[in-house]
Amino acid sequence: MAVQLTDNTIRNPTSAGVLENNDNFDNQNNHFQHTINSDGFDNSNYGYPVNPQAPNLGLFPNQFPTPSQYQYPNVPIYSNYHPPPSQYQNYPNSYQFQYGYQYSNQYPNQYPSQYNSNFASQHQYQQNAPSVSNQLLHSYNYYNTNVSASKNIMTNTSATSGNYINETFDSINEHNTTYRPDNANNNKIDNYSTGTSNFTNNRYSNFPTTMTSNNNNNFSGMSYSSKFNTNNTNNTNNNNNFNNFNRNYNNNGYNNKKTYYNNNNNNKSKKNYNRYIDTNNNVNINILGKFINNKQIPAPRDEKIEYQLFGGKKIVDPDQKFNLIQSHDGLSLSAINFDHYDEIPIEVTGENIPLPINSFTDNIELNNNSTKTYLDPLLIQNITLSRFNKPTPVQRYSVPIVLNQRDLMACAQTGSGKTGAFLFPILSESFKSGRKPLNHDNIENHDNNIPFPTILILAPTRELVSQIFQESKKFCYRSWLVPFSVYGGTDIQVQIKKIQKHGCDLLVATPGRLNDLLNRKVISLKGIKFLVLDEADRMLDMGFEPQIRNIIQNNDMPDVLNRTTLMFSATFPKDIQLLAKSFLKNYVFLSVGKVGSTSENITQEVLYVEEIDKNSILLNIILNWKAGLTLVFVETKKMADNLSIFLQSESFPAAAIHGDRSQNDREKALRNFRSGRNPILVATAVAARGLDIPNVTHVINYDLPGDIDDYVHRIGRTGRAGNVGHSTAFFNYNNKNIAKGLVQLLTESNQTIPDFLLNFLKINFNNKNKRNVSKNSNFIAKDHRSFNNNYNYNNYAMNNQNNINIISKNFADFNISSNNSDDFNSFNVSNNDNSVSKSFFSNNELNINKKDNVDNINLKTANNFNLYDFYQNREKAEYFLTQDDRNAKDILNKKSQ
Ligand SMILES: Nc1ncnc2c1ncn2[C@@H]1O[C@H](COP(=O)(O)OP(=O)(O)OP(=O)(O)O)[C@@H](O)[C@H]1O
């Protein structure tokens with residue numbers, strides 16, 4: 001078959017595969033229609049681009065026109081094609097360009113963005129690569145590429161799985177690029193005679209295996225993983241400026257050491273290199289400080305370890321707005337913008353709340369005796385090495401609260417620095433005061449081989465434990481504390497051996513593995529001074545609560561009065577707050593508001609997508625996504641596997657992470673995601689909380705979770721620490737349960753609410769149950785104790801019982817609290833005769849007579865006040881209270897007048 005060519009189409013001039021004259025442009029469908037003769041050409045590699053003026057490029061080199069023959073005189077803008085016809089969406093997959101020169105600065109840049117993002121997928125440029133910006137490139141091959149002077153290639157671009165073979169780059173500029181070719185051989189990044197090459201903020205892995213003649217280059221803010229070997233023949237590394245140049249290849253060696261040190265005039269001071277990051281639990285005893293005569297003696301500084309931990313040159317500039325930080329794996333850098341942080345509203349409730357600090361070096365008021373303290377100087381040094389210039393809001397408040405020995409329940413945005421908020425005060429205090437002295441009995445019974453940590457941090461997932469451990473290592477540097485982490489999926493015997501060999505003062509653990517170690521009696525909790533529950537609401541929900549209770553109450557950990565207990569999360573539902581109180585004493589509740597902070601930094605989009613359409617819509621989104629890492633959440637492990645296989649079959653470098661994968665596979669998937677090797681990660685809820693991965697630019701809720709708090713944590717994997725991010729959620733009827741919460745959250749975060757979602761609410765909930773959607777709600781969670789609100793009925797709710805309060809009319813809000821846990825002793829509602837509870841209620845005229853129900857909800861005596869049982873029987877209890885709703889409400893209102 002033959003079709004018409006338009007006049008201005010440049011014909012393939014070669015003898016093989018000449019197009020016939022009657023090829024033509026289809027105006028109606030806006031694409032170039034042509035068919036190829038039976039000459040060996042394949043339609044899939046032929047027929048695009050859509051530009052009627054563009055040439056048709058053949059598949060084989062000898063069918064290519066010479067460069068001059070396919071210059072585009074007037075490359076049209078395709079902005080009218082929206083959305084692009086589906087047949088163009090894959091343009092130009094599987095193309096091979098022998099000469100790419102004419103494409104630079106012309107074709108890709110003028111192509112509309114929806115095409116651009118797809119540009120160069122699986123392409124081979126055998127000569128002269130084009131300039132490419134904001135692209136997601138995968139399977140990108142450069143052969144024998146020559147880029148002429150001062151071309152920007154790969155700006156804000158993510159390139160993976162490419163081949164870079166025999167290249168010569170002449171003065172190129174690369175910025176903010178993730179770059180992971182598979183086979184990078186014999187590459188030259190040279191400056192011949194023209195300007196200087198600039199490489200800034202790029203992430204490289206597996207590249208280049210060999211790099212020669214590095215002259216006058218400026219490498220700054222770079223991260224390389226895998227080998228970066230300049231140690232080859234004719235190597236003349238002169239006058240290069242390696243600034244903040246981090247390499248991480250997991251202890252595989254430091255191949256180019258000799259080269260760097262032997263060459264001339266390189267700004268190569270050792271401290272500009274990060275040679276490797278030790279991701280293992282190995283303890284380097286050389287950097288352990290001592291605690292002698294009630295004083296910490298820090299170990300001497302060690303440059304090598306400092307580069308491992310903190311990754312490069314210290315940047316201390318008090319005036320700079322942007323604070324460069326390094327990721328946990330040393331693979332990338334990102335900037336924190338603190339501009340909005342001062343506007344964030346903070347609500348702190350509780351008794352005698354200590355004043356916040358404004359800088360890490362501020363004096364801290366101690367309430368007890370009006371003396372002052374300060375953060376330990378060693379800790380401040382480590383904070384400085386981490387390039388944290390000033391505390392985030394949650395840190396400003398938590399530091400003095402904890403140093404005043406107060407328990408804390410803190411609720412702050414995802415990515416707002418909660419890890420530092422608990423580590424800083426705890427470590428500072430521990431640096432100053434050492435281990436908890438064991439009492440006589442304890443010493444006698446203490447087996448020397450059994451470590452008794454001072455600090456216990458519990459977190460719900462292995463990955464999060466590992467991340468907190470990495471952070472702990474930084475801030476414990478040179479101190480007397482040995483940090484250690486334990487989590488499932490790893491050899492427990494190896495862990496036991498290590499922990500017994502090195503000891504352990506700061507333990508980060510998942511509850512399951514810690515219970516296992518406690519059962520084997522290889523660790524003791526009797527020295528615990530500080531207990532932290534990170535992601536506390538998750539830790540106390542139905543899944544984890546029994547394990548947590550076992551660790552805290554059924555082992556040898558000091559009781560609540562003899563330890564400091566801290567709970568952190570970005571979400572704190574009311575029922576969990578009630579439950580949590582049994583682990584806390586007279587705590588301060590800290591809520592860091594959301595306005596102007598992370599929640600607005602994340603642009604949230606909700607699309608109506610039926611199940612059957614999810615895959616194709618996902619593909620479309622990924623194809624059109626700009627640079628960065630994409631995290632896709634699904635509900636089931638099976639779905640995670642299936643979806644990642646599907647994406648791989650579509651040539652997308654995706655991996656899956658979920659609880660059924662081996663720990664090795666989980667870690668590998670995460671590592672490859674962080675490094676950009678697999679820039680798409682399909683995950684179950686296992687990756688929803690806490691993980692701090694720089695460069696996650698897009699979170700996609702392929703399946704929405706059932707709970708709005710889970711949604712908050714999931715989208716919080718992007719837009720971290722003041723950076724911006726984007727989230728897309730696929731919504732359909734199956735997500736009915738989350739609709740109201742979603743609308744509320746979108747409203748509160750100033751996001752656009754799609755009409756379909758509002759209609760959905762109207763139809764399905766008839767607006768009757770619509771929750772109060774308030775734009776003014778600046779806080780994720782409120783303190784649900786009495787003094788947090790206007791209904792403060794101290795001395796009222798219960799005769800002779802101070803501090804026992806009723807704050808609201810329904811059971812979920814029905815809150816019995818005490819500022820003094822001893823009060824519970826007299827609050828003996830577990831008596832079967834119900835006398836105390838009866839008198840409690842009748843004194844307050846609440847008139848609740850159903851004593852059977854009181855028995856059923858099984859409130860126990862004060863010392864062992866078991867809100868868990870209370871919670872378990874919630875359904876019954878709710879019934880019980882709603883009967884008397886009206887009375888209760890009336891009385892409360894009366895009293896508040
Ligand atoms: N004071 C600070 N200055 C600069 N960077 C900081 C500071 N505190 C924390 N960061 C960085 O901000 C990022 C987010 O911190 P972190 O992981 O502690 O957040 P988070 O509040 O625990 O988030 P999530 O709720 O998701 O667990 C990290 O990369 C951390 O290194």
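Nothing fancy with the numbering, it's 1 onward along the sequence. Keep in mind the model is a prediction, meaning the values are calculated, not measured. Order of appearance sets the numbers: ligands from 1, and atoms from 1 within every ligand.
- In this view, F568 and F422 satisfy the ring-ring contact (aromatic ring centres under 6.0 Å, His included) rule, not counting sequence neighbours.
- Residue Q413 approaches ligand 1 through these ligand atoms, each under 4.0 Å from one of its heavy atoms: 21 (O).
- Under 3.5 Å, the side chains of E667 and Q663 contain a donor-acceptor pair of N or O atoms.
- The CG atom of L403 sits 12.5 Å away from atom CD of E365, with the distance rounded to the nearest 0.5 Å.
- Heavy atoms of H713 found under 4.0 angstrom from ligand 1: none, in either backbone or side chain.
- Between F730 and Y702, the ring planes lie tilted relative to each other; the angle falls in the 30° to 60° range.
- Near R717, meaning under 4.0 Å from any of its heavy atoms, are these atoms of ligand 1: 26 (O).
- In the model, T571 has a side-chain atom that pairs as donor or acceptor with a side-chain atom of H713 under 3.5 Å.
- Under the 4.0 angstrom criterion for non-hydrogen atoms, R689 is not in contact with ligand 1.
- Using cut-offs of 30° and 60° on the angle between ring planes, the pair F475 and F388 is tilted.
- Taking distance alone, with nitrogen or oxygen atoms compared against 3.5 Å, R387 stays at or beyond that limit from ligand 1.
- At a heavy-atom cutoff of 4.0 Å, ligand 1 is contacted by both the backbone and the side chain of T419.
- Near K390, the atoms of ligand 1 lying under 4.0 angstrom from a non-hydrogen atom of the residue are 1 (N), 2 (C), 3 (N).
- For ligand 1 and E535, the ligand atoms under 4.0 Å from any heavy atom of the residue are 27 (O).
- Under a 4.0 Å heavy-atom criterion, G716 is not in contact with ligand 1.
- Every salt bridge (charged side-chain N to carboxylate O under 4.0 Å, His left out) that R661 has, sequence neighbours left out, goes to D665.
- Annotation: S416 places an N or O atom under 3.5 Å from an N or O atom of ligand 1; distance criterion only.
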